[in-house]
Amino acid sequence: MVHVAKGVERAVVDDLRTAISTGELAPGQRLVEADLVQEFGAARAEVRTALVQLEAEGLIDRERHRGARVRRYTLEEALEIVELRSAIESLCAARAAANATPEDLAELKDIGEQMVAAVAAQDPDAYSVQNQRLHVCVLDVSRMRVAPEIVRRLRAQNVRHRIRLAQKANRPIVSLPEHLRIIDAIARGDEAGAADAMRMHLQSVGEATKGYFAD
């Protein structure tokens, strides 16, 4: 990881959270305090405070005398996370349909076009980028204040599952029409339709998650 040392525990928390949420730090990977102190240019107390915060968020596990590791999730936990996301993100999609500006709709249209192009090019990595961009965009367009942060933390907790699912050869083909339905409903200002489309998409994610753990 390459970071600019900021010397405060908030910077350590933010940078570590980002590394976990992007998959840069893998489940089960050790987080050694001495290494983090050197990497971030932070005091040991600041690093420890950051690790306590990330443990409270469910992103790492800390054991006495054994240090900290990026947390691994069970199937049951992963499915619960998807269920929680479904409840919150469907509400955000409805709010996005109510609040989207012409600029927001232009961005959503671009995301949809980029997704179609990625599937046509059989480029799962590019599709994965647009997948994340779409979900973030819906959260932002919802104009909700609390829900987006909750969803971002939930998404960070099962990032490795999402990355592997998005990169499966057939997954973009399955999820593309689901994503396009979300975009279309928001563009039409259809609040109920946007919520239903997001809910159905995340139900599909839940089914695919079961396959991830079965592999």
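Residue numbers run from 1 in the order of the sequence given.
One hydrophobic cluster, built from ILVMFWY side chains closer than 4.5 Å, holds both L105 and M198. The hydrophobic cluster containing V174 does not contain L176, counting ILVMFWY residues as joined when their side-chain heavy atoms lie under 4.5 angstrom apart, directly or transitively. Cluster membership for V141 and I183, using ILVMFWY side-chain heavy atoms within less than 4.5 angstrom, is not shared. Transitive grouping of hydrophobic side chains (ILVMFWY, heavy atoms separated by less than 4.5 Å) brings V13 and V37 into a common cluster. Linking ILVMFWY side-chain heavy atoms closer than 4.5 Å, directly or via other members, places V129 and M115 in two distinct hydrophobic clusters.
Annotation: the span from L51 atom CG to R69 atom CZ amounts to 13.5 Å, rounded to 0.5 Å. If you take CG on D184 and CG on L108, they are separated by 11.0 Å, rounding to the nearest 0.5 Å. In this structure, CD in E107 is found 7.5 Å from CG in D110, a value given to the nearest 0.5 Å. For the atom pair CD1 (I150) and CZ (R85), the distance works out to 13.5 Å, reported to the nearest 0.5 Å. Taking CD1 of I60 as the start and CZ of R72 as the end, the distance is 14.5 Å to the nearest 0.5 Å.
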Next on the checklist: Set out, in order, the CA-CA distance, both residues' side-chain angles and the distance that settles side-chain contact (heavy atoms from CB on, under 4.5 Å) for E80 and E76, then state yes or no.
Outcome noted: CA-CA 6 Å; E80 185 175 335; E76 291 74 17; over 6 Å; no

Item checked: Derivation of the side-chain contact (heavy atoms from CB on, under 4.5 Å) call for L54 and L31 -> CA-CA 12 Å; L54 293 172; L31 301 174; 5.6 Å; no

(request) Give the C-alpha distance, both sets of side-chain angles, the deciding distance and a yes or no for side-chain contact (heavy atoms from CB on, under 4.5 Å) between I186 and D104. (result) CA-CA 10 Å; I186 293 174; D104 295 329; over 6 Å; no

For H201 and E89, run side-chain contact (heavy atoms from CB on, under 4.5 Å): C-alpha distance rounded to whole Å, both residues' side-chain angles, the deciding distance at 0.1 Å, then the answer. CA-CA 10 Å; H201 167 57; E89 288 193 64; over 6 Å; no

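Other residues, nucleotides and ligands contribute over 12 non-hydrogen atoms within 6.0 Å of the CZ atom of R188. Within 6.0 Å of CD on E83 lie no more than 12 heavy atoms contributed by other residues, nucleotides or ligands. Around the CD atom of Q38, the shell of radius 6.0 Å holds no more than 12 heavy atoms that belong to other residues, nucleotides or ligands. Crowding of M200 atom CE: a count of heavy atoms from other residues, nucleotides or ligands under 6.0 Å not exceeding 12. The environment of E33 atom CD is dense: over 12 non-hydrogen atoms of other residues, nucleotides or ligands sit within 6.0 angstrom.
The minimum heavy-atom distance linking G58 with R71 is given by the pair O-CD, 3.5 Å. Across all their heavy atoms, S142 and N99 have their closest contact at O-ND2, 3.0 Å. The minimum heavy-atom distance between A97 and A194, with the atom names listed, is CB-CB, 4.1 Å. When all heavy atoms of G112 and L180 are compared, the closest pair comes out as CA-CD2, 4.0 Å. Across K210 and L75, no two heavy atoms sit closer than the pair CA-CD1, 4.0 Å.
Under the 3.5 Å distance criterion, the side-chain polar atoms of R62 are left unmatched by any main-chain donor or acceptor of A68. For S128 (side chain) and P124 (main-chain N/O), no donor-acceptor pair under 3.5 Å exists by modelled atom type. Listed for the D123 side chain is no donor-acceptor partner under 3.5 Å among the backbone atoms of A118. Within the 3.5 Å criterion, the main-chain N or O of A45 finds a donor-acceptor partner in the side chain of T49.
No side-chain heavy atom of Q130 sits less than 4.5 Å from a side-chain heavy atom of L134. Counting only heavy atoms from C-beta outward, the side chains of C92 and H135 never approach each other to under 4.5 Å. Contact annotation: the side chain of E178 never approaches that of L202 to less than 4.5 Å [non-hydrogen atoms, C-beta and beyond]. Residues R17 and L59 meet the side-chain proximity criterion, which asks for heavy atoms closer than 4.5 Å. Inter-residue side-chain proximity for N131 and S175 is flagged as unmet; no heavy-atom pair is nearer than 4.5 Å. Side-chain contact between L16 and L36: present, with at least one pair of heavy atoms (C-beta onward) separated by less than 4.5 Å. For the pair M144/I88, no side-chain contact is recorded, criterion being any heavy-atom separation below 4.5 Å from C-beta on. You'll find the side chain of D196 stays beyond 4.5 Å of the side chain of D190, heavy atoms only.
Of the N and O atoms on the side chains of Q203 and E207, not one donor lies less than 3.5 Å from an acceptor on the other residue.
Ring-plane geometry between H179 and Y127 is classed as tilted, the angle between the planes lying from 30 to 60 degrees on a 0 to 90 degree scale.
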